[in-house]
Amino acid sequence: MKFNIVLALPEIFLTLMIVIMLLVDAFSCQHKKHLNTVLTFITLVGGFILQILVFRPGTSAFAFNQMFILDTLAEGSKLFIYLFSIVILMYVKQYINDKKVLKGEFYAIFLFAILGMQVMVSADNFLVLYVGLELLSLSLIGLVALNRDSTKATEAAMKYFILSALASGILLYGISFIYGATASLQLRDITLAIYSMNGENNTMLLFGLVFVIAGLVFKLGLVPFHMWVPDVYEGSSLATLTIIATIAKIAGIIFVIRILFTALILLNKEWVVMLQILAILSLFIGNIVAIAQTNIKRMLGYSAIAHMGFVTFGLMLVSQAGLSAVVFYMLVYVITSLAGFGVLLLLSKDGFECEKISDLSGLSKIHPVYAGIMLLVMFSLAGIPPLAGFYAKFVILQALVDSGYTTTAIYAVILSLIGAFYYLRVVKVMYFDEKDANLQVAQATLSTRTILFINGGLIILIGIAPKFLMLISSIFLLG
Amino acid sequence: MLTNVLFYLFAAILIFSAIRVITAKNPVHAVLFLVLAFVTSSCLWLILNVEFLALSLILIYVGAVMVLFLFVVMMLDIDVETLRKSFWQHLPLAIVLGLVVLVEMVFVLIAKPITLPHTVASFPSDISNSNQIGLLMYLNYSYPVELASVILLLALVVAVALTLRQTNKNSKYQNIAKQVAVDSSTRVTLVKMATETNPEVTISNKEGETK
């Protein structure tokens, strides 16, 4: 029995800091607003440093009876989650200060969500994967519901809660079938058991597989399990949405990679077909319905469905090239979305929520720099060269064509082209429409502005020199 | 043989009570059917020789959670029928969809029946059930158990955050520091006033006549 507790030090530190933060928040004076922000910042930076210290490159280390794994995939995604969380913290702190929500609780639940993601990405057991997933989804639901005076937020939280409980039920049902067929919950043991079954008597496994895929796909928000995405995007406050739409998606993708590529890799003939259908549907529904949206949050929700569909194309290739394309796509998508949400957060001031597309009209005259960053974000999401989003789409399409899916690649290009319409409309509203009287730019601190500019600059930089990030995403998959 | 008969009996009761939970018109009946569902599923566990889990299911869910739930249902006057109008509206569609899934599953199972690859291990009778579960929980599965406790903490924080309203004027809470700091002068005020003479006493009876 080896616990190897040292490997989980960052998670333990995170948990301890959450408890300390809750205590500090209960006993501190109301007017010390910045204490929570500073503590959260210390926690995230401390977690990041500890995470670097505990990892020995090139090895996969196990802890807690093989339930916890620290390989390059886990280490890389953990470091990126910490990094992106720090960026999110810088963007949301002003917004949270202005808004009338419970501040201490917001940061505490935010850290709970990060803990859930860290658990998910380094789990090597179905039980731990499930517990991490629940920790993440419950904190996200809590964050959505925290804005309790808004009926929209309450409705979104309720929908998210019920549908996510249903999806968890379906996922667990599938896992129970897989357990029945292989007598194990360890991902690696399941692979061995499936290998020794040699493709015979696998009805039970396939039964389980269908339900597991349905549960996973719900969490990613692919069609036909996408109904919650637009409602939750619209109902949650911008700060919560920034968390849901960025780092939570990374954790979700790594979660899917762990289940499909470690435990169920030998069943790939079966799940590739399912993923292909889901991805084709998602790309269609996401891009077409987004055109009709007037609310930018809702539009980004449908755009997220389409982007997840694109990522799924990379997953269904079952190849090293496909997987590193998936990781690259996710990193680029998150960096791009972070800049977009950063601008929206800075435009929301004193309880005014910048959420209609028309709220952005004439932004180029009020604040040309923010408008410029938003332009980069929209062009990058649409996949216009030479920005980062173009290369992300390019590597996935290249991997598709190399594996012989030429028709699918053409289909993806056509729908991305249709999707470019609604991204470009935002640009048109910002640059060519009359000034909106409501629009005010919040006073941002120098550090926030610096990070936003760096973030915007990265979109161009990755587009011009994608090699570096591509190298990182292929290193991800070495372990 | 007997266990087989018992299994099908309990399974039938379980399915029936589960259906009644969502179709019962009276919420108290629904809660009671849920209690029945818990009791029958714990009977199913007893058939499998896992007496500790079976008993803890009854103790925790029936004894604690459901009784609390029953109180909540009885205290709140909720007209469930009006809330569930849309439930009856959408029921036909839901039944059709459910049937499609069921038929598909049955077809798959008829074409390729499930054969269990592993024989179920029989329990040695000299090993205590709770002992084994305790060892597993705190040695093999200590990591998920600790994580589950974090989830409980999260649920606690969220529940407080969603219900706490300090800004509400109607909420009453004590300031302990102020309460401790009082002395007699803030509580009792002695006022000097002249003695009253000949107070006019009027006694009224039920009919309102004054004497």
Side-chain angles (χ1 to χ4, degrees), chain A residues 1 3 5 8 11-12 14-15 18-19 22 30 63-68 100-102 104-106 108-109 111-113 115-116 119 123 125 127-132 134-135 138-139 141-143 145-146 148 154 157 177 180-183 185 193 196-197 200-207 210, chain B residues 18 22 48 83-84 86-87 90 94 97-98 100-102 104-121 135-168 173 175-177:
Chain A
M1 186 87 30
F3 276 115
I5 211 161
E11 279 82 0
I12 296 170
L14 201 56
T15 320
I18 292 172
V19 177
L22 286 171
Q30 286 293 316
F64 297 110
N65 248 322
Q66 321 277 310
M67 289 194 183
F68 180 100
K100 285 189 178 55
V101 290
L102 294 165
E105 278 76 0
F106 177 87
I109 302 173
L111 289 181
F112 269 119
L115 179 65
V119 169
N125 181 296
L127 200 60
V128 180
L129 276 171
Y130 173 69
V131 173
E134 278 309 281
L135 188 53
L138 282 178
S139 1
I141 293 162
L143 283 176
L146 211 54
R148 59 194 175 186
T154 317
F177 271 110
T182 61
L185 286 174
S196 63
M197 282 162 73
E200 289 157 19
N201 281 333
N202 59 358
T203 317
M204 200 159 175
L205 262 181
L206 295 183
F207 238 79
V210 172
Chain B
I22 53 167
L48 288 173
L83 288 178
R84 288 205 308 192
S86 53
F87 171 76
H90 296 298
L97 282 178
V100 169
V101 174
L102 184 72
E104 280 174 355
M105 281 161 81
V106 168
F107 275 145
V108 171
L109 288 182
I110 289 173
K112 281 176 85 182
I114 286 180
T115 43
L116 275 178
H118 300 275
T119 49
V120 180
L135 283 178
L136 275 178
M137 263 177 76
Y138 292 105
L139 287 176
N140 292 13
Y141 288 90
S142 52
Y143 182 51
V145 169
E146 291 298 324
L147 285 173
S149 71
V150 176
I151 292 187
L152 285 182
L153 177 65
L154 167 72
L156 190 73
V157 173
V158 173
V160 171
L162 288 186
T163 47
L164 177 77
R165 283 181 187 268
Q166 277 177 332
T167 48
N168 194 338
Y173 50 94
N175 189 337
I176 310 245

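To find a chain, count down the sequence lines: A is the first, B the second, and so on, and within it residues start at 1.
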Item to complete: Identify the two heavy atoms, one from B/L147 and one from A/V131, that lie closest to each other, and give their separation to 0.1 Å.
Response: CB-CG1, 3.4 Å

Worksheet entry | A/F207 side chain near B/L109 side chain, heavy-atom distance below 4.5 Å | yes

Fill in: Heavy-atom closest contact (A/M67 atom, B/N140 atom, distance)
CE-O, 3.2 Å

Worksheet entry | A/L115 versus chain B, the contacting section by heavy-atom distance below 4.5 Å | side chain

Discussion item. Is A/L22 in contact with chain B via its backbone, its side chain, both, or neither, using a 4.5 Å heavy-atom distance?
Written reply: side chain

Worksheet entry | Structural part of B/A161 lying under 4.5 Å from a heavy atom of chain A | both

Worksheet, complete the sentence: When every non-hydrogen atom of B/L154 is compared with those of A/S139, the smallest separation belongs to CD2-N, 3.6 Å

Practice prompt. Measure distances from A/V19 to the heavy atoms of chain B and classify the residue's part below 4.5 Å as side chain, backbone, both or neither.
Written response: side chain

Worksheet item: Side chains of A/F112 and B/L153: closer than 4.5 Å at any heavy-atom pair?
Response: yes

Discussion item. Ring-plane angle category for B/Y143 and A/F68, please: parallel below 30°, perpendicular beyond 60°, tilted otherwise.
Written reply: perpendicular

Worksheet item: So which part of B/T163 gets closer than 4.5 Å to some heavy atom of chain A, the side chain, the backbone, both or neither?
Response: backbone

Response to the item:
Scored by heavy-atom pairs under 4.5 Å with chain B, the best of A/N125, A/L135, A/L146 is A/L135

Worksheet item: Between B/V158 and A/L138, is any pair of side-chain heavy atoms under 4.5 Å apart?
Response: no

Fill in: Euclidean distance, B/K112 NZ relative to A/L206 CG, rounded to 0.5 Å
5.5 Å

